[in-house]
Amino acid sequence: MPETKDFKSRWKDVLIALKHLFKYSDTVDTAAVNTAPKKILDQATVEQELSNFVKIKGYSANDPNFDIENFRAEFTQYLKEQNYTFEAIDASLIPSEDSKEEDVLKSLKNVRKVTEYLNDNVTELSVFVDTTKMMPGLVCYVIEKIPPTAKKPYVTYRPVPRVITQIHDSGVNGGTIFFTYNHKISTSQNFNGATNVVSEDEVIYSPLTKEHADYICKLLNIQSRQVYTKYLKEKAKQEQLKLRTMQQNLIEHKR
């Protein structure tokens, strides 16, 4: 069967199914490695070999009999025949489709109301597939609230980078707690009037990538603006109703 461009859209599903093959292994067969040098797999290599494999086998995404398990087995065998090693490499070799991420964010420019119909966009964004692989020193993002201002009289949101300093197993629902430091200007000043920057411990329960943080902030900003806009419309209706009532009373009084 000829290759179709639709097959590329299935790369993510295929690589998710393959991810267990690419997890870090503590038990490297050193004897095997020493006797036959292996080629190292990385994300770019996997994508290239996957494209070659599809062309060779003639797979099509439109094939109703497409079996992802059989595809995974054949692709795994193909990589082995190409002398690749699965040892000691990162698991989450899922291609990040930057163009799609940009398109998703651009598509929100015309959104005026947050609904469940936007849920499909989330699958197009890069995420931390496996948070157990995160480590101290990694930069992630959190959502920060900005109080209303004279220019924007409604709360807004922005993504803020944080550096993970500690990772603890909370023991609650098998979750993990990530610690960071949040820097602030000290509220108390020294006798010489100097202002200091201090830090406080902060817990990040759900680290975000930049793409996800941007998307979430845009959704929240749309929602906040929508509430304010709705309030202004309701207020305008009440003012108009009040004005009409006053005019009607004035007309009746003149009679």
Side-chain angles (χ1 to χ4, degrees), residues 4-17 19 43-44 46-47 50-51 61-62 90-134 138-164 175-178 180 182-184 202-238:
T4 67
K5 62 179 180 180
D6 293 333
F7 192 86
K8 184 176 181 180
S9 65
R10 303 198 64 163
W11 281 15
K12 186 175 294 185
D13 293 335
V14 171
L15 292 177
I16 289 175
K19 69 178 182 179
Q43 180 170 330
V46 169
E47 292 185 29
L50 184 58
S51 177
N62 297 323
D90 200 334
S92 305
L93 301 182
I94 299 176
S96 59
E97 300 168 0
D98 296 334
S99 60
K100 285 192 174 182
E101 290 167 359
E102 293 177 1
D103 291 342
V104 168
L105 295 177
K106 288 180 180 179
S107 68
L108 294 181
K109 290 183 178 180
N110 298 325
V111 173
R112 296 292 177 267
K113 183 179 181 181
V114 177
T115 71
E116 69 276 11
Y117 297 109
L118 297 171
N119 288 347
D120 290 340
N121 291 340
V122 178
T123 60
E124 304 299 337
L125 300 174
S126 298
V127 295
F128 291 124
V129 178
D130 187 356
T131 55
T132 62
K133 291 185 176 295
M134 301 181 74
L138 180 67
V139 176
C140 61
Y141 287 81
V142 298
I143 307 301
E144 181 176 88
K145 288 194 295 185
I146 304 175
T149 62
K151 185 177 181 181
K152 290 185 177 181
Y154 51 88
V155 65
T156 54
Y157 304 82
R158 65 182 178 187
V160 178
R162 288 286 185 266
V163 179
I164 294 177
T176 302
I177 294 180
F178 303 86
T180 185
N182 187 20
H183 296 89
K184 296 181 179 179
E202 185 180 17
V203 175
I204 305 175
Y205 290 102
S206 180
L208 299 170
T209 60
K210 182 63 164 59
E211 291 80 6
H212 245 86
D214 283 337
Y215 183 72
I216 292 172
C217 286
K218 285 183 178 294
L219 289 184
L220 292 175
N221 287 333
I222 291 171
Q223 203 168 41
S224 182
R225 184 177 66 246
Q226 178 192 0
V227 171
Y228 182 71
T229 303
K230 184 178 180 181
Y231 162 76
L232 291 182
K233 289 181 179 179
E234 291 295 331
K235 185 178 180 180
K237 287 182 181 179
Q238 293 177 5

With side chain to side chain contact (heavy atoms under 4.5 Å, CB included) as the test, would you mind laying out the steps for F178 and V142 before giving the verdict?
CA-CA 12 Å; F178 303 86; V142 298; over 6 Å; no

Quick one, [X] and [Y] - any side-chain contact, counting heavy atoms below 4.5 Å?
X    : Y    : answer
Y117 : V111 : no
P159 : L208 : no
Y154 : P148 : no
Y157 : I146 : no
T149 : T156 : no

How far apart are the C-alpha atoms of R162 and N182, what are their side-chain angles, what is the distance that settles it, and do they pass the side chain to side chain donor-acceptor pair (under 3.5 Å) test?
CA-CA 8 Å; R162 288 286 185 266; N182 187 20; 2.8 Å; yes

Under 3.5 Å, side-chain donor or acceptor atoms of residues 222-238 against the rest of the protein: list the pairs with distances, not counting sequence neighbours.
unit_1 : atom_1 : unit_2 : atom_2 : d
S224   : OG     : V155   : O      : 2.6
T229   : OG1    : R225   : O      : 2.8

Considering all heavy atoms of both residues, which atom of V139 and which atom of V163 are nearest to each other, and what is their separation?
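Where V139 meets V163 most closely, the heavy atoms are CG2-CG2, 4.3 Å.
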
Please walk me through it: do Y205 and I177 pass side chain to side chain contact (heavy atoms under 4.5 Å, CB included)?
CA-CA 6 Å; Y205 290 102; I177 294 180; 4.0 Å; yes

Let me confirm one number: the OG1-CD1 distance from T209 to I216, rounded to the nearest 0.5 Å.
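The OG1 atom of T209 sits 8.0 Å away from the CD1 atom of I216.
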
About how many Å separate CD1 of I143 and OG of S206, when rounded to the nearest 0.5 Å?
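Nearest 0.5 Å value for the OG-CD1 distance: 9.5 Å.
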
Between K210 and D214, does any side-chain N to carboxylate O distance fall below 4.0 Å?
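Here K210 pairs with D214 in a salt bridge, since their nearest N and O are under 4.0 Å apart.
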
